[in-house]
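Each remark here refers to the structure printed beneath this line.
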Amino acid sequence: MTLTDLRLRLRALVFRGRAERELLEELEFHREMQHRRLRATGLDDADATRRSRARFGSTALVADECRDARGIGWFETLFQDARYALRSFRRAPMFALTVVATISLGLGLNTAVFTIFNAYVLKPFAVRDPYSLYSFEYQSAGRFHRVTWNQYEELRRDNRIFTEMFAQRRQLITRIEGHTAFALLVTGNYFRMLGIDAAIGRTLEPSDTATPGASAVVVISHAVWQQHFGGDPRIVGRKILVQGHPCEVVGVAREGFVGLDFSPSHDIWLPITLQHQLEDGADLFAPNSPATVDVIGRLDPAVTTRTAEAALLVWAKAATRTLPEEDRATNVWLESRSSSIPLTPMVIFALSPIAAAFGLVLLIACANVANMMLARGMARQREIGIRLTLGAARRRLVRQLVTESVMLAVPAGLLGFVVSRLAIDASVRAMFATLPSEFTEFVRVAPLPPDTRVLAFMVIVAVLTGVAFGLAPALQTTRSNIVQMARGDFGSDYGPWRLRNALVVGQITASVALLITATVLVRSAQHVARIDPGLRTRDVVTIDARDEARPRLAAALQASPIVSLIASASTIPLDATAPEVGATVSPGGDLVRIRYRYVSSSYFDLFDLPVLSGRTFTPDEARAGAPVAIVSASAAARLWPGASPVGQTLHLVPDRRIAATARIRRFETVQVVGVSRDYAADLGNSGPMTAAIHFPADVNAPGSGLIVRVIGEPEAARRALTITLDAAAPGAVQQIHKLQEFVAGRLYPFRAAYAVAAAVGLLALLLTITGVYGVVSYLVTQRAKEISIRFALGADVGKIVTLVVRHSLRLAWLGLCAGTLIALGGARIFGWRVMMLKAFDPFSYVAGILVVVVACVVASCVPAFRASKIDPMQMLRAD
Amino acid sequence: MARPPVDLLQGTLDLLILRTLRSGPQHGWAISERIEQISQDVLQVNQGSLYPALHRLEHQGWIRAEWGVSELGRRARFYELTAAGRKQLQFETELWERTSAAIGRVLKFA
């Protein structure tokens, strides 16, 4: 396109009227000159006019060709098509609204899901060169290992794979200034390597991690600074307590930086050299320490991940060569850290059911709209037929119909964007509103702004849907047979029946599958809600605290007037799942895997768990950690069916991979001293796991949670205890919760999944209803002639309605079978991964199917009754 | 007219228009008159192709249009060769000559 061309095109576009007038004037001038010449040859005026007109031909046609030559035809056509489309929308506003609403819902939900996917998986962290960051672990005997501090130092010195690397400890959950905080212990080069500077003050520096225990400093995130310290610039230099250890705030990290993780993000960063001061357990810097670190390195641009893995494997094999055979490295695992969740085949597999469910909704929406367009196209067959017979080019008609769908897709896209923002906002709000209140501090949501990737996704999907729902019907309806139409037969006999039926069957399949899934989830949630934990939870508060402060905390609790009982457990019931150990009644006998806890003797009293036979632990046994055990009733029934276990010997067979220093390896046999009532602390795939073994432990045993029964309103008591404990051992409490919250917490995933599945399922159902409605309407329009003949031959209304409804049920039948099969298949593939899911619940299947059947009947009733109102005389006269 | 007028070959109309305009600005009617006159009515210019061709050439930047007054005092649209048009004319003339010479040789000797 030359410059002149562009200028002229613009002129033609902007001064449309003037260009038009000039064109007509020019052509008229030509005709006049012709006229004049004809007059000169002696013709009279009328003859000359007639002949000049005849010679010139159609002015309109020439003008049209000139417009084409000028290139304004394209705009012209578009303008015409758009105007035509608008007129037809005005004639059928409900149609246009339904299409826009349907597509925008499908598109909006998919965009919302994509936005979340983008934030966690695609969008790189805003750090320097995020794509070169990799973390690495080595594998031995099927287990992944992180590296020890010495190995990290060695790797850092010798490797040629990473240009730089830092180490971090696993995230620590602590409390600062009375709020839950996620703390990360890192090496001093962390901020420098990621290219993160401070908003105020400074970030951590290599000198901060030069000697273990030396530099007690902390960098806080911008969000923490704003939320907990009111953005006070005097924060720099202030000392805050982290894990009971005073640390000086040296700076605030750049706004928006929350570490290389979103689930959850980090709040504060401390030198890794404070590890022994801040964490219980082994000292990372002691010789032969079992403590390990995560290593994140920046891959040398000249090294491929393949080469890096090979080189790291050589290193890992050398580093582990002195270890026992099964602990030696056999494999290494390099994982990108460019985003919160790396895009690996495993992640794609895990997310595929979600993507499929939402994609299905969009597909249903498209199928629906395509169907409605087809039905409408059929109703317009007469008009289109007339236009084709009059010589309209098929291409031109298709273009017009596609313009129409694009004009529907564009507002649908815009509306879809609004829907996606609202959906994201509403779901985040709904999540925080429904989360048990003490959990909200633990949940972090990645920022979810629409970025270019999201917009690109929207535009691509909007265009694809526009074409998908517009092009096929456009091609279909203009494929009419001109000869037939010339005879006045406008009913197309090209029933694209297979396509259309497939669309509806697909829709019914999808909604059946989704509704069954939703019902399964809601029933499972109800089922879990009905499980009685069998424990006293109402007035119980649990405390997670540092080991070193344990005696002071216990003393403060003992002195507190609102505490009536104190106990401890290595795993707090309902909070986390206890570990398992193999147990047998005779050496070499059948192993039964049973969950175990170390508990204080007051544990049974506190939870109102009666000891059914035998006795509870004596204080001496608890203090010494004696080789005795109390088993739950169902554990007793499994180990000694029909016999009393009290006084029997239980043989313990821990897994080989349990460390030799672990508490469970202390005794090979224990004596059963009592049997407690069953309780449902741990949930397994098939239901509550009530088999349990309890070993004695002191209330002050390291590495266990404190449990107290309080007097008075639990939340008030929790707050009062927080203050009391903070005074007794400042900063030592990591978490303090009401046990009741955990009961709500374990229901939460079911509730959330059920809400999502139900929403998607209902949307699918709604779309299916409109889809069935559309197809049946179409059927009625197409078979109007046949129906009127039936009427004329004496069929009554009931017969006609039955005819129509039966047709929709014939379609439904296939979809119902396919949908049920998909739901069963999904239950087989994914169901077993989900705890307590009754994936094959017959009620859910029957309910899902019934709902869809009813929906199909209802959807086909309206057009069926319309069919029954057809006036046979008028219909038969029409053709 | 002993023989029916010849339909112009695709593309040759552009060449003829450009050549006609070499002697100075002309309006559409004069162009068609001139082509017919010089070709002794062998070549008939169909108005249905003339005007679209003029508009196309204008868009290509080879001719320029301006409103002027015709010899009879009526407002008319005059077309004029541009510099680019002159170059194009030269190019197309050469092309035509080569082609017609080649066709001539084939007709004669093949």
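Contacts with chain A were tallied for B:A76, B:A53, B:A30; B:A76 has the most, counting heavy-atom pairs under 4.5 Å.
The neighbour count for A:R453 CZ, taken as heavy atoms of other residues, nucleotides or ligands under 6.0 Å away, is above 12. Atom CZ of B:F91 has 12 or fewer neighbouring heavy atoms from other residues, nucleotides or ligands inside a 6.0 Å radius. Within 6.0 Å of CZ in B:R74 there are more than 12 heavy atoms belonging to other residues, nucleotides or ligands. A 6.0 Å sphere centred on CD of B:Q90 holds no more than 12 heavy atoms belonging to other residues, nucleotides or ligands.
Looking at residues two or more places apart in sequence or on another chain, you find no ring-ring contact (aromatic ring centres under 6.0 Å, His included) involving A:F89.
Interface residue B:L50: only side-chain heavy atoms are found under 4.5 Å from chain A. Within the 4.5 angstrom heavy-atom criterion, only side-chain atoms of A:E32, from C-beta onward, approach chain B. A:R31 does not touch chain B: none of its heavy atoms, backbone or side chain, sits under 4.5 Å away.
Taking the side chain as every heavy atom from C-beta outward, B:W29 and A:E26 never approach each other to under 4.5 Å.
Scanning all heavy atoms of the two residues, the minimum distance from A:H30 to B:S32 falls at CE1-OG, 3.7 Å. For the pair A:F29 and B:R75, the tightest heavy-atom approach, listed with the atom from each and the gap, is CD1-O, 3.9 Å.
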All N/O donor-acceptor pairs, side-chain side in residues 101-110 of chain B, below 3.5 Å, sequence neighbours left out:
none

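How far OG of B:S70 is from CE of A:M33: 5.5 Å, rounded to the nearest 0.5 Å.
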key: salt bridge (charged side-chain N to carboxylate O under 4.0 Å, His left out) assessment of B:R77 paired with A:E25   = CA-CA 9 Å; B:R77 202 163 146 89; A:E25 187 180 343; over 6 Å; no

